[in-house]
There are 2 protein chains.
Amino acid sequence: MVGPQGPLTPQRIVATSRALLVEGGPPAVVVREVARRLGVTAPALYRHVAGRDDLLTLLITACHDELTEACEAALQAAPPDPELRLRAATWAFRSWALAHRTEFGLLYGTPIVGYSAPAQGPTLRSGRRFGQLFGGLFVDLQRAGRLRSPGGAALGAALSADLRAAAERLGLPLRPGEVHTFVVGYHRMLGIVSVEVSGHLSWALADSEPFVRGQLEELLDDLLLPRPASAPGV
Amino acid sequence: MVGPQGPLTPQRIVATSRALLVEGGPPAVVVREVARRLGVTAPALYRHVAGRDDLLTLLITACHDELTEACEAALQAAPPDPELRLRAATWAFRSWALAHRTEFGLLYGTPIVGYSAPAQGPTLRSGRRFGQLFGGLFVDLQRAGRLRSPGGAALGAALSADLRAAAERLGLPLRPGEVHTFVVGYHRMLGIVSVEVSGHLSWALADSEPFVRGQLEELLDDLLLPRPASAPGV
DNA sequence: GCCCCCTTGTGAACGGTGTTCACGCAGTCT
DNA sequence: AGACTGCGTGAACACCGTTCACAAGGGGGC
C-alpha cells in the first residue's frame with residue numbers, strides 16, 4: 001500500500017522530518033513517527049533512507065540550501081551596489097535564522113554529537129556553497145574599492161599564511177588582509193545571529209531586535225570603506 | 001549493595017554523567033549507563049535524581065559553576081587594574097570553553113529541545129550569577145572612567161528603555177549607554193567563542209587561535225577608553 | 001528485646017526507540 | 001509463463017526512560 005499522499009519521495013520525507021523538527025527539536029525527528037505520518041511503517045522508510053543519521057543529513061542539506069537560496073533571492077532583488085548587496089544578504093541571513101530558529105540551530109548550533117556528519121558529505125558541501133556566496137560579495141566589494149583591510153603585517157605571519165591558504169582553497173582572488181575582513185564578517189555575523197537565535201541574550205534584553213540591528217550595522221561599518229567622494233553614491 | 005566507590009553522592013552522579021557527556025555528547029548521558037558505571041541499577045538512581053532532565057540540570061549547573069569559578073580564579077590572580085581584570089576574565093572564559101567544548105556546548109549552544117529548563121530553576125540562577133560577575137567588571141571600568149559608551153540618543157528610545165530596565169533588574173549602577181557596552185561585550189565575546197568552539201570556522205582557518213585572539217583584542221579595544229594620560233599607567 | 005518505619009536498593013514490567021530480517025505482493029522484462 | 005526487482009509488511013532484537021511491588025538493612029520508641 002502507499003501513503004495517503006502518494007509515493008515516498010525524498011521531498012515528502014524531508015518535509016515530514018522537518019515538521020517534526022520544528023515541533024519538537026532534533027529529538028522529535030524519529031524514524032517511526034516520520035513513517036507514521038507518511039502512512040507507512042518504519043521499515044519501509046529504510047528503503048529510501050539509510051537510517052536516522054541519513055535523515056538528519058538530508059534535513060541539514062535541505063535547510064542549508066533553503067538558507068542559501070533565501071540569500072540568493074535577496075541578492076537578485078538587490079541593486080548592483082556591492083555594499084547594498086552585502087547588506088541585503090546579511091539581513092536575509094538573519095531573517096531566515098529568526099524565522100526558522102530550530103533549523104538554524106541544526107545548521108549552526110552545537111554540532112549533534114553522536115551524529116557523525118559524513119566526511120566529504122553533503123553537509124560540508126552546502127556549507128561551502130554558502131561560504132562562497134558570501135565570498136563573492138567580498139570579492140565584489142574589493143573590486144569596488146570598498147573593502148577595508150588591515151595591513152598584512154598587522155596580522156602576523158601564521159595568520160597571514162592561513163588566510164592565504166584559505167583564499168587559495170576557496171578560489172577567492174583576495175590578499176590575506178582582505179580575506180581577513182571576509183572571515184571577520186562571516187564570523188561576527190554568525191556570532192551575532194547565533195547568540196540572538198539561541199536566546200542567550202534574553203536575560204539582558206526583552207527585545208533583541210534593535211540591539212542586533214545596531215550590532216550588524218556596526219559590523220558593516222567595520223568591514224566597509226566609506227563610499228569614495230569621486231564616484232557619486234546612490 | 002553499594003557501588004564500588006561508595007554511596008551515591010550527587011558529586012559521583014554528576015561526575016559520571018559528565019564523563020559520559022564528554023565521551024559521546026548529550027545523547028550519551030543515559031540513565032542506565034550512569035547507573036551501570038556507579039555499580040548500581042537504574043531505578044536506584046531515581047532515589048537521588050528525578051529523571052534524565054534532572055540529571056542534565058545538575059550537569060548544566062555544575063558546569064556553569066565551574067566556568068564561573070574559573071573566571072573568578074583568574075580575577076583573583078589578576079592585578080587591580082580593571083582593564084587587565086576584564087582581559088583576564090575574558091581569556092579565562094575562552095580557555096575554559098576550548099578546554100571543555102562539549103560542556104560549553106551544553107551551556108551556551110543550541111538549547112536542548114525536549115529538555116525543559118525548570119523555570120526559576122538553577123539553570124537560570126547560575127546563568128545570572130555568571131552575568132553578574134561580568135557586570136561587576138564593567139561597573140569597575142565605569143568607575144575608573146575606562147568604559148566607552150555611546151550617547152543615549154544614538155541608541156534609540158526602545159533600546160534605551162530596555163537597557164535601563166536591564167540595569168535595574170541586574171542591579172547595575174550604569175546608564176543605558178554603559179549597559180549597552182556591557183551587553184555588547186558579553187554578546188560579542190559569546191559569539192566569538194561560540195563560533196570558535198563549534199568549529200564553524202574551520203572551513204576558513206586551519207588554526208583559529210591567532211584569529212580569535214585578534215578578535216577578542218579588537219573587542220576589548222571597542223569597549224574600553226584609552227588609559228587617561230593624567231593617571232600614570234601600570 | 002522487639003517492632004515499626006524509613007531509606008535505599010532490586011527485578012520485572014510497560015511503552016517507546018533504531019534497526020534488521022524473512023516474507024509477500026505487484027509490476028516488468030524475457 | 002516464469003523469473004526478477006522494487007517496495008511494503010509484521011515480527012523480532014536490543015536498548016532507552018520510567019514506574020512499580022518488594023526486600024534488606026539501620027535507627028528510634030516501647
Side-chain angles (χ1 to χ4, degrees), chain A residues 1-60 106 111-118 121, chain B residues 1-60 106 111-118 121:
Chain A
M1 206 185 81
V2 87
Q5 281 104 357
L8 264 57
T9 65
Q11 291 80 7
R12 289 185 67 214
I13 296 177
V14 167
T16 308
S17 306
R18 185 163 169 184
L20 287 170
L21 173 75
V22 171
E23 287 174 30
V29 40
V30 158
V31 180
R32 284 179 138 102
E33 179 63 22
V34 174
R36 256 185 299 255
R37 297 204 177 185
L38 290 170
V40 114
T41 59
L45 261 191
Y46 279 77
R47 300 284 179 193
H48 306 263
V49 158
R52 187 174 183 264
D53 281 9
D54 194 29
L55 215 58
L56 289 178
T57 301
L58 253 54
L59 206 45
I60 290 176
L106 196 62
I112 302 181
V113 250
Y115 160 75
S116 52
Chain B
M1 202 186 85
V2 86
Q5 279 103 358
L8 264 56
T9 64
Q11 291 81 6
R12 289 185 67 215
I13 296 177
V14 167
T16 309
S17 306
R18 184 163 170 183
L20 287 170
L21 174 75
V22 171
E23 287 175 30
V29 40
V30 158
V31 179
R32 285 180 138 105
E33 180 63 23
V34 174
R36 255 184 301 254
R37 297 204 178 184
L38 290 169
V40 114
T41 60
L45 260 190
Y46 279 77
R47 300 285 179 193
H48 306 264
V49 158
R52 188 174 183 263
D53 280 10
D54 194 29
L55 215 56
L56 289 177
T57 302
L58 253 56
L59 204 45
I60 291 176
L106 195 62
I112 302 179
V113 248
Y115 160 74
S116 51

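None of these values were measured; they are calculated from a predicted model. What you see below is based on every heavy atom in this structure, not just the backbone, and it leaves out hydrogens, waters and symmetry mates. By convention in this document, chain letters (A, B, ...) are assigned in the order of the sequence lines, proteins followed by strands, and residues within each chain are numbered from 1.
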With sequence neighbours left out, the residues meeting side chain to side chain donor-acceptor pair (under 3.5 Å) with R32(B) are none

The reported gap from OG in S17(B) to CD1 in I60(B) (rounded to nearest 0.5 angstrom) is 11.5 Å

For V49(B), the side-chain contact (heavy atoms from CB on, under 4.5 Å) test, sequence neighbours excluded, returns I13(B), D54(B), L55(B), L58(B)

The complete set of salt bridge (charged side-chain N to carboxylate O under 4.0 Å, His left out) pairs with one or both residues in residues 13-22 of chain B, sequence neighbours excluded, reads R18(B)-E66(B), R18(B)-E103(B)

Atom CG of L45(B) and atom P of dT18(D) are separated, to the nearest Å, by 11 Å

Nucleotide N/O to protein N/O under 3.5 Å, stretch nucleotides 13-16 of chain D:
unit_1: dC16(D); atom_1: OP1; unit_2: R36(B); atom_2: NH2; d: 3.3
unit_1: dC16(D); atom_1: OP2; unit_2: R36(B); atom_2: NH2; d: 3.2

Value for CG (L59(A)) from CZ (R52(A)), rounded to nearest 0.5 Å, stands at 10.0 Å

Any H48(B) side-chain nitrogen or oxygen under 4.0 Å from OP1 or OP2 of dG9(C): yes

On a heavy-atom basis, the closest approach of A42(B) and V31(B) is CB-CG1, 4.5 Å

Within a strict 4.5 Å, meaning less than it, do heavy atoms of the L20(B) and V34(B) side chains meet? yes

Notebook entry, point to check: Given dG8(D), is OP1 or OP2 found less than 4.0 Å from the side-chain N or O atoms of T41(A)?
Noted result: no

Sorted by chain and number, sequence neighbours left out, side chain to side chain donor-acceptor pair (under 3.5 Å) with R47(A) holds for none

Could you go through nucleotides 20-25 of chain C and list every protein N or O atom that sits under 3.5 Å from one of its N or O atoms, giving the distance for each pair?
none

Taken to the nearest whole Å, CG/L8(B) to P/dT8(C) is 10 Å

